[in-house]
Amino acid sequence: MAGARPSSAGSRRPAGRRITDRGAWFLVLPALVPILVLSVGPLLYGILLAFTDAQSGRTAATRWIGALNFRDLLHDTLFWESFRIGLVWAVGVTVPQFLLALGLALLLDQDLRLRGLARALAIVPWAMPEVVVGIMWRLVYNPDAGVLNETLRDLGLGDGRDWLSGLATALPAVIVVGVWAGLPQTTVALLAGLQNVPRELHEAAAVDGAGAWRRFRAVTWPALRPVALAITALNLIWNLNSFALVYVLTSGGPGGKTRLPMLFAYEEAFRYGQFGYAAAMGCVLVAVVSILLAVFLAGRLRGGDEA
């Protein structure tokens, strides 16, 4: 009899664990269902669509064509040119964005007067929708009455130019807007990382005679590096998938100089009705983003093992 009690108690533990697991699934479902319906479902449907000849306004049934869309995509020079422009855009936005955000975060981390107000103002662009940001900057770049050209005229630096319509200036002008629009979120992430750096380490380094640059290299950067790597990787992926901001500013022009891959896929799908071909482009972009994520996660895991 005494030996039977542990077995009966032991038999009850798995049942209790099953109830706990079932309850955990019920807690997860409210967040999991929208992800499955709004993200995973459309993704799987898009992958399936990439292997068909789906078109808009077509009366014939959609046919399965295998990898034909991907084969045509390999020889589509316009798509690969848009991909090159997308890489230039992503890197051109991400790198200056990080450097400016790092300087701004270091500044906002100091004991300044009205620091709270400065931090609030720093995140104002983050609160603005991309469409509003695009319209606002179109007014700034307006060739006739834009703030930028008016300022250049007042300074005697020329009569101004049409920044968003020039072949040489359109992409740099759009990159400036991208840096401005994404600066707050990078600043907030880096500022949060700076809050975790112990003040005692800075004080000890200062007592040892270390200057500001040496304290940054020896104390601040090692603690900030994980946050910096994470936000840089996320920004690179986010910028590579950009659509709304560039669409409002230039719609991919002039002459395709700002046609990012997402814009190219959008035009193929909704201007020319080539849904299957556009889905194939989307699959390529998903693959590229997945590779970037895998490289980032592998680096993070390797860094954790070394630590």
Side-chain angles (χ1 to χ4, degrees), residues 6-52 54 56 62 64 69-70 90 94 123 125-133 181-182 184-193 195-196 226-245 247 260-263 265-266 269-270 275-305 307:
S7 62
S8 62
S11 64
R12 284 195 297 268
R13 286 176 184 173
R17 189 178 298 114
R18 285 196 297 271
I19 293 174
T20 303
D21 293 344
R22 194 179 301 117
W25 276 109
F26 278 118
L27 293 175
V28 171
L29 277 178
L32 188 61
V33 170
I35 293 176
L36 293 175
V37 173
L38 301 177
S39 297
V40 178
L43 175 62
L44 295 177
Y45 179 72
I47 295 174
L48 179 66
L49 203 64
F51 294 92
T52 69
S56 66
T62 299
W64 180 269
N69 285 326
F70 294 94
T94 302
I123 65 173
W126 197 8
M128 301 173 63
E130 286 188 319
V131 174
V132 176
V133 172
Q185 62 188 23
T186 309
T187 303
V188 170
L190 294 177
L191 185 59
Q195 305 300 309
N196 294 324
V227 177
L229 291 176
I231 193 62
T232 301
L234 291 175
N235 282 342
L236 187 64
I237 293 170
W238 178 264
N239 291 324
L240 192 60
N241 287 322
S242 292
F243 172 80
L245 186 63
Y247 181 78
L260 306 183
M262 291 299 296
L263 277 171
Y266 172 82
F270 299 104
F275 293 132
Y277 193 54
M281 295 180 187
C283 289
V284 172
L285 294 175
V286 169
V288 171
V289 170
S290 300
I291 292 172
L292 290 176
L293 279 174
V295 171
F296 169 69
L297 292 175
R300 291 283 295 168
L301 292 175
R302 185 164 54 249
D305 293 340

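In what follows, residues are counted from 1 in the order of the sequence shown.
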F270 and F275 aromatic ring geometry - parallel, tilted or perpendicular at 30°/60° bounds: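 F275 and F270: perpendicular rings.
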Stepwise side chain to side chain contact (heavy atoms under 4.5 Å, CB included) check, L36 with L32: CA-CA 6 Å; L36 293 175; L32 188 61; 4.0 Å; yes
Residues forming a side-chain hydrogen bond (donor to acceptor under 3.5 Å, both in side chains) with T94, sequence neighbours excluded: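 N239.
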Closest contact, heavy atoms only, [X] versus [Y]:
X    : Y    : value
P261 : L285 : CB-CD2, 3.5 Å
P184 : I123 : CB-CA, 3.7 Å
G46  : A279 : O-CB, 3.4 Å

Derivation of the side chain to side chain contact (heavy atoms under 4.5 Å, CB included) call for L48 and L44: CA-CA 6 Å; L48 179 66; L44 295 177; over 6 Å; no
Contact check, side chains of N241 and L260, non-hydrogen atoms, under 4.5 Å: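 SC-SC contact between N241 and L260 ruled out.
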Could you list the residues that satisfy side chain to side chain contact (heavy atoms under 4.5 Å, CB included) with [X], not counting sequence neighbours?
X    : result
Y247 : F243, S251, L263, Y266
L245 : W89, E130, V133, V177, A181, L249
V33  : L29, V37
A265 : M281

Would you give the length of the straight line joining atom [atom1] of [X] to atom [atom2] of [Y], rounded to the nearest 0.5 angstrom?
X    : Y    : atom1 : atom2 : result
L240 : L292 : CG    : CG    : 7.0 Å
N69  : L49  : CG    : CG    : 8.5 Å
C283 : L43  : SG    : CG    : 7.5 Å

Sequence neighbours excluded, every pair satisfying side-chain hydrogen bond (donor to acceptor under 3.5 Å, both in side chains) that has a member inside residues 31-45: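 Counting only pairs at least two positions apart or across chains, no side-chain hydrogen bond (donor to acceptor under 3.5 Å, both in side chains) contact touches residues 31-45.
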Short side-chain to backbone donor-acceptor contact, N235 and T186, under 3.5 Å: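 No, the answer is negative, given that no donor and acceptor are paired below the 3.5 Å cut-off.
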